[in-house]
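Written out below as structure tokens is the structure these notes cover.
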Amino acid sequence: MTSQQAQPPTLEPSALTKLIESASASGNPLAATTIQILHNLQHQHLWTSLQIHDISTTNATDLNTTDSISSDSPQTLISGVPPHRVYTHPDEQLYMLEKGIAEDDLRPERLFVIPTAQGQTWSLRRMAAAFDSLATLEDSSGSEEEWSSNESTDPEKAKKLDEYYQKKKIAKETKEWGTRRALLAMTNRGMGGEGTVVYYVVQEGEVKPRQN
């Protein structure tokens with residue numbers, strides 16, 4: 001008698017794997033990272049209105065290398081609207097507390113994400129190049145939704161929100177509530193990596209230390 005061993009069923013690649021493979025086939029080695037992080041934002045963190053923005057850093061070079069920044073820097077940025085605020089500056093938080101404004105009263109804000117992979121080489125010059133591109137995108141598309149007092153049925157609350165958004169506009173110019181912010185998304189794609197994405201809040205320039 002000849003014994004036959006049952007062959008294990010062939011596992012089909014997941015939808016995310018197929019999506020990453022299709023992005024990698026485009027010839028851009030960083031496209032797969034961007035697609036993976038966008039997928040994570042959409043399906044695990046429930047972000048909406050997601051967009052991928054092409055950026056250019058080909059004219060800048062790192063101070064410590066002759067290679068173009070674009071060889072290691074992200075060539076894309078991701079923007080989208082999270083279901084809740086990711087970060088609120090302490091001074092802004094204090095203003096909201098004094099005015100009786102809750103985060104649920106505020107309109108959703110568009111936030112930018114810098115897609116990276118673990119082990120990717122970085123420098124302050126490369127981060128600055130990403131923020132320069134981010135500034136251009138914010139000026140052209142706007143980073144937050146416009147507020148209209150007609151959307152609130154409570155006249156007193158509508159007045160407070162109008163004052164808040166006027167204050168926020170001024171604070172953005174004076175940097176009273178902090179500098180420009182983004183999320184640095186880092187995915188583990190090395191050998192044995194399970195594709196976990198970790199997010200860090202990064203801010204442009206020097207951040208003044210706070211006294212507790």
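Only heavy atoms go into these numbers, but all of them, side chains included; no hydrogens, no water, no symmetry mates. The model shown is predicted, which means the values in this text are computed figures rather than measured ones.
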With sequence neighbours excluded, residues passing salt bridge (Lys or Arg N to Asp or Glu O under 4.0 Å) with Glu156: Lys160
Side-chain ion pair, Arg85 and Glu92, N-O less than 4.0 Å: yes
Backbone N/O of Glu204 and side chain of Thr179: donor-acceptor pair under 3.5 Å: yes
Measure the shortest side-chain to side-chain distance between [X] and [Y] over non-hydrogen atoms and say whether it is less than 4.5 angstrom.
| X | Y | result |
| --- | --- | --- |
| Leu106 | Met96 | yes |
| Glu176 | His89 | no |
| Ile114 | Leu77 | yes |
| Ile37 | Tyr199 | yes |
| Ser49 | Arg110 | yes |

Mutual orientation of the aromatic rings belonging to His53 and Phe112 [parallel < 30°, tilted 30-60°, perpendicular > 60°]: tilted
Supply the atom-to-atom distance [X] [atom1] to [Y] [atom2], rounded to the nearest 0.5 angstrom.
| X | Y | atom1 | atom2 | value |
| --- | --- | --- | --- | --- |
| Leu183 | Leu111 | CG | CG | 4.5 Å |
| Glu109 | Lys168 | CD | NZ | 4.0 Å |
| Lys172 | Arg180 | NZ | CZ | 6.5 Å |
| Ile78 | Trp47 | CD1 | CH2 | 8.5 Å |
| Lys169 | Tyr164 | NZ | OH | 14.5 Å |
| His43 | Leu38 | NE2 | CG | 8.0 Å |

same_hphob_cluster([X], [Y]) at 4.5 Å side-chain heavy-atom cutoff:
| X | Y | answer |
| --- | --- | --- |
| Val201 | Val113 | yes |
| Leu184 | Val198 | yes |
| Met127 | Tyr200 | yes |
| Val86 | Leu41 | yes |

Please report the shortest heavy-atom distance between [X] and [Y], naming the atom on each side.
| X | Y | value |
| --- | --- | --- |
| Pro108 | Val81 | CB-CG1, 3.2 Å |
| Tyr165 | Arg107 | OH-N, 3.0 Å |
| Thr34 | Thr76 | OG1-OG1, 2.7 Å |
| Thr33 | Thr116 | CG2-O, 3.5 Å |

Other residues, nucleotides, ligands: >12 heavy atoms within 6.0 Å of Gln166 CD: no
Sequence-distant partners of Tyr87, ring pair (Phe, Tyr, Trp, His ring centres under 6.0 Å), two or more places apart: none
Identified side-chain contact (heavy atoms from CB on, under 4.5 Å) partner of Lys99 from the options Glu163, Lys157, Lys159: Glu163
